[in-house]
Participant: 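Sharing a structure below in structure tokens format, with a few things to ask.
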2 protein chains.
Amino acid sequence: MAPTDHRPLTLRDVSEASGVSEMTVSRVLRNRGDVSQATRERVLEAAKALGYVPNKIAGALASQRVNLVAVIIPSLRNMVFPEVMSGISQELEETDLQPVVGVTDYLPEKEERVLYEMLSWRPSGVIIAGLEHSDASRAMLKASGIPVVEIMDTDGTPVDAAVGISHRRAGREMARAIIRAGYTQIGFLGTKMPLDHRARKRFEGFTEHLAKHGIEVADQEFYSGGSALAKGREMTRTILERTPELDFLYYSNDMIGAGGLLHLLDLGVDVPGQVGLAGFNGVELLDGLPRKLATMDACRAEIGRKAAQIIAARVADPASAAEKVIELTPTISYGETLKRR
Amino acid sequence: MAPTDHRPLTLRDVSEASGVSEMTVSRVLRNRGDVSQATRERVLEAAKALGYVPNKIAGALASQRVNLVAVIIPSLRNMVFPEVMSGISQELEETDLQPVVGVTDYLPEKEERVLYEMLSWRPSGVIIAGLEHSDASRAMLKASGIPVVEIMDTDGTPVDAAVGISHRRAGREMARAIIRAGYTQIGFLGTKMPLDHRARKRFEGFTEHLAKHGIEVADQEFYSGGSALAKGREMTRTILERTPELDFLYYSNDMIGAGGLLHLLDLGVDVPGQVGLAGFNGVELLDGLPRKLATMDACRAEIGRKAAQIIAARVADPASAAEKVIELTPTISYGETLKRR
DNA sequence: ATGAAAGCGCTAACAT
DNA sequence: ATGTTAGCGCTTTCAT
């Protein structure tokens with residue numbers, strides 16, 4: 001086998017193979033402009049026979065258009081984000097836009113790097129999680145001149161547009177449901193993530209509403225790393241040993257809540273009679289648990305879809321002014337771990 | 001506010017603002033070649049003040065290098081793939097390469113489209129799940145002239161290189177462990193996915209080894225869609241109602257296995273005495289379950305890391321010939337649902 | 001319906 | 001250490 005040097009094929013190769021100008025080949029390949037049926041066929045045949053794959057880099061530079069939408073999220077391991085992603089993909093499939101994912105690991109500096117990197121490919125739009133960004137990131141987003149949708153959260157001021165839920169309100173509403181159900185000794189269990197602003201806001205809304213009723217969070221417990229389910233068990237044991245009088249546990253996510261639930265059931269604790277539980281997110285997993293955990297849906301797929309719609313509309317018509325902030329309403333689900341009344 | 005037309009900034013703008021040639025600005029921004037400290041500072045200042053973000057499209061076209069690695073996977077919702085992804089990212093962080101994800105939804109035609117789309121950006125390498133691809137996809141991969149690593153599976157012939165485990169062997173080994181433990185009435189529960197070749201191969205290896213001992217799978221049950229945990233419960237109930245004499249259930253993934261486990265525990269069945277259980281994957285979730293499910297680790301992060309290493313090595317030195325197939329050895333974990341002996 | 005020319009914003013290669 | 005020139009592979013625009 002001769003060491004065939006693999007120079008990638010160009011339009012010129014197809015042009016020569018089909019005996020048509022590069023320009024015409026280009027037109028055929030993009031379905032643009034009038035080309036006779038005969039020519040079209042010859043070109044397509046030649047392209048296929050050669051195995052030609054167009055060079056989008058050159059195309060993008062010449063046309064000044066890139067059909068990419070940058071999607072910047074903190075993590076892929078939290079099921080929330082894959083679900084947002086599928087809402088986005090689903091919606092963009094109707095257009096010629098394509099999502100490209102960047103992951104920040106909840107680190108502002110990494111967010112900045114990823115954003116810079118993605119903007120340097122001149123995407124047609126940006127969808128980015130959260131409203132909290134470094135000054136530099138915000139400046140880049142503003143200067144980019146492309147549509148930007150900040151997702152997941154509406155408690156704050158977006159650079160351009162935002163789609164999400166109010167996490168403060170979500171926290172408040174859960175507090176309201178808990179108080180209404182008659183619980184008074186309330187514990188909070190969450191992640192050790194100072195940079196998870198949405199969890200923080202939920203906690204703030206939560207304590208704020210409790211305070212209105214003269215109630216304070218009686219104890220708290222935080223974790224980081226490891227299996228969320230196992231950690232949920234562990235934290236629940238710890239907090240109840242320390243503060244046995246707790247009659248309600250509010251978890252910052254469903255996975256640790258599920259762990260707590262399994263632990264309490266193992267112990268034979270009466271849930272929700274003796275201790276009530278609630279999580280956050282509405283993960284699909286909960287359906288298979290021995291008892292359905294109370295939770296609040298974060299409208300993930302819907303957020304993805306709406307965000308993608310906004311980008312698509314603005315790409316199609318840059319003048320089209322949409323609402324700046326779309327606040328979705330999460331629905332509380334009582335499950336079987338939060339008394340109703 | 002005047003409708004300031006946002007022409008994106010170019011090197012030229014930075015050049016003018018700093019009073020240095022475009023070429024020197026380019027050198028500063030890429031840390032290439034010798035530039036005096038004074039000039040460097042002036043340029044960086046100007047670039048920052050303007051908010052200049054380089055245009056990688058132009059850069060890539062000129063330099064004929066793109067620092068992207070295409071990663072093509074079936075889904076993001078199966079935790080397996082985010083874990084592979086993090087192995088890849090982790091490894092590529094040491095280099096200047098960047099992963100870009102494409103999702104195929106287990107559809108060969110979509111894989112073909114995604115691959116075409118990604119190759120048209122002329123990435124430096126491709127990491128793609130599985131060894132089964134359409135002829136067209138395989139042709140594109142071969143013609144691309146860039147390093148290609150097929151991951152997850154080693155039962156077959158790769159286009160270029162492969163890193164994974166042998167799913168046939170994984171199936172065989174689980175069958176061996178089950179038989180050795182003395183189970184004889186064996187049921188199989190899996191996904192209704194004719195296109196999930198790895199699940200199919202595990203099943204084939206499994207039945208093949210059982211056959212050697214004169215055992216046949218006594219019953220099977222398949223599902224699609226919905227919460228895997230809930231489906232696992234449901235399928236387990238169904239299969240045991242239909243075939244009560246089963247004494248072992250082999251699940252094609254851990255989530256449905258976990259559902260089955262929860263169901264059996266609810267029923268008060270003696271696990272693993274009366275019925276043994278095993279899944280596949282080694283998901284982190286299992287740690288929080290009331291009883292640890294037997295499973296087999298798929299070496300996900302390791303696969304991602306190895307694949308990324310191969311790409312990085314070949315990008316650094318295209319001549320570097322590595323092993324073509326790297327087969328990792330999954331370790332069986334007996335947990336508490338498979339008798340040991 | 002087809003082609004020719006110019007140039008998108010950078011960088012390689014070669015000056016100086 | 002810095003500048004100049006010539007493209008990279010396409011598409012836009014303007015002929016024909």
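Below, chain A is the first sequence line, B the second, and so on; all start at residue 1. What you are looking at is a predicted structure, and each value in this text was computed from that prediction instead of being measured.
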Participant: Sort and list the pairs that fulfil salt bridge (Lys or Arg N to Asp or Glu O under 4.0 Å) and have at least one residue in residues 21-33 of chain B, not counting sequence neighbours.
Facilitator: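 Of all non-adjacent pairs touching residues 21-33 of chain B, those that pass salt bridge (Lys or Arg N to Asp or Glu O under 4.0 Å) are Arg12(B)-Glu22(B).
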Participant: Of all residues at least two apart in sequence or in a different chain, which pass the side chain to side chain contact (heavy atoms under 4.5 Å, CB included) check with Glu327(B)?
Facilitator: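 Applying side chain to side chain contact (heavy atoms under 4.5 Å, CB included) to Glu327(B) gives Thr154(B), Ser166(B), Arg169(B).
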Participant: Tell me, which pairs form a salt bridge (Lys or Arg N to Asp or Glu O under 4.0 Å) where one or both residues lie in residues 127-138 of chain A, sequence neighbours left out?
Facilitator: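 Every salt bridge (Lys or Arg N to Asp or Glu O under 4.0 Å) pair that includes a residue of residues 127-138 of chain A, provided the two are not neighbours, is Glu132(A)-Lys201(A).
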Participant: Output a table of donor-acceptor pairs, distance under 3.5 Å, between side-chain atoms of residues 57-68 of chain B and any protein atom two or more places apart or on a different chain; print 'none' if there are none.
Facilitator:
unit_1: Ser63(B); atom_1: OG; unit_2: Gly59(B); atom_2: O; d: 2.8
unit_1: Ser63(B); atom_1: OG; unit_2: Arg65(B); atom_2: N; d: 3.3
unit_1: Asn67(B); atom_1: ND2; unit_2: Glu117(A); atom_2: OE2; d: 3.4
unit_1: Asn67(B); atom_1: ND2; unit_2: Asp96(B); atom_2: O; d: 2.9

Participant: Five pairs per end, C1' atoms only: what is the angle between the end axes of the helix from dA1(C)-dT16(D) to dT16(C)-dA1(D), to 10 degrees?
Facilitator: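 It comes to 30° between the two terminal axes.
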Participant: Between protein and nucleotides 6-16 of chain C, map the contacts as a letter string: B base, S sugar-phosphate only, - none, heavy atoms under 4.0 Å, written 5' to 3'.
Facilitator: -BBBBBBB---
Participant: Going 5' to 3' along DNA chain D, which nucleotides are the first and last within contact of chain B (any atom under 4.0 Å from a heavy atom)?
Facilitator: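 Range of nucleotides touched by chain B: dA1(D) to dG9(D).
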Participant: Taking only N and O in the side chain of Thr24(A), is any of them less than 4.0 Å away from OP1 or OP2 of dA1(C)?
Facilitator: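 Result: no.
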Participant: Show the atom names and distances, to 0.1 Å, of all donor-acceptor pairs under 3.5 Å that link a side chain in residues 306-313 of chain A to residues at least two apart or in another chain.
Facilitator:
unit_1: Lys306(A); atom_1: NZ; unit_2: Glu302(A); atom_2: OE2; d: 2.9
unit_1: Gln309(A); atom_1: NE2; unit_2: Glu91(A); atom_2: OE2; d: 3.4

Participant: With sequence neighbours left out, write down each residue that passes side chain to side chain contact (heavy atoms under 4.5 Å, CB included) with Ala136(B), or none if nothing qualifies.
Facilitator: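 If we apply the side chain to side chain contact (heavy atoms under 4.5 Å, CB included) test to Ala136(B), skipping adjacent residues, the hits are Glu112(B), Ser134(B).
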Participant: Show me the donor-acceptor pairs, under 3.5 Å and distance only, between side chains in residues 72-84 of chain A and residues at least two apart or in other chains.
Facilitator:
unit_1: Ser75(A); atom_1: OG; unit_2: Arg77(A); atom_2: N; d: 2.9
unit_1: Arg77(A); atom_1: NH1; unit_2: Ser86(B); atom_2: OG; d: 2.9
unit_1: Asn78(A); atom_1: OD1; unit_2: Val80(A); atom_2: N; d: 3.2
unit_1: Glu83(A); atom_1: OE1; unit_2: Arg300(A); atom_2: NE; d: 2.5
unit_1: Glu83(A); atom_1: OE1; unit_2: Arg300(A); atom_2: NH2; d: 2.8

Participant: Tell me, which pairs form a side chain to side chain donor-acceptor pair (under 3.5 Å) where one or both residues lie in residues 310-323 of chain A, sequence neighbours left out?
Facilitator: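 Residue pairs passing side chain to side chain donor-acceptor pair (under 3.5 Å), neighbours aside: Asp160(A)-Arg314(A).
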Participant: Evaluate Arg305(B) against Ile88(B) for side chain to side chain contact (heavy atoms under 4.5 Å, CB included), listing each step before the verdict.
Facilitator: CA-CA 5 Å; Arg305(B) 258 179 273 127; Ile88(B) 294 174; over 6 Å; no
Participant: According to side chain to side chain donor-acceptor pair (under 3.5 Å), does anything in residues 41-55 of chain B pair up with another residue at least two apart or in another chain? List the pairs.
Facilitator: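 Found Gln37(B)-Glu41(B).
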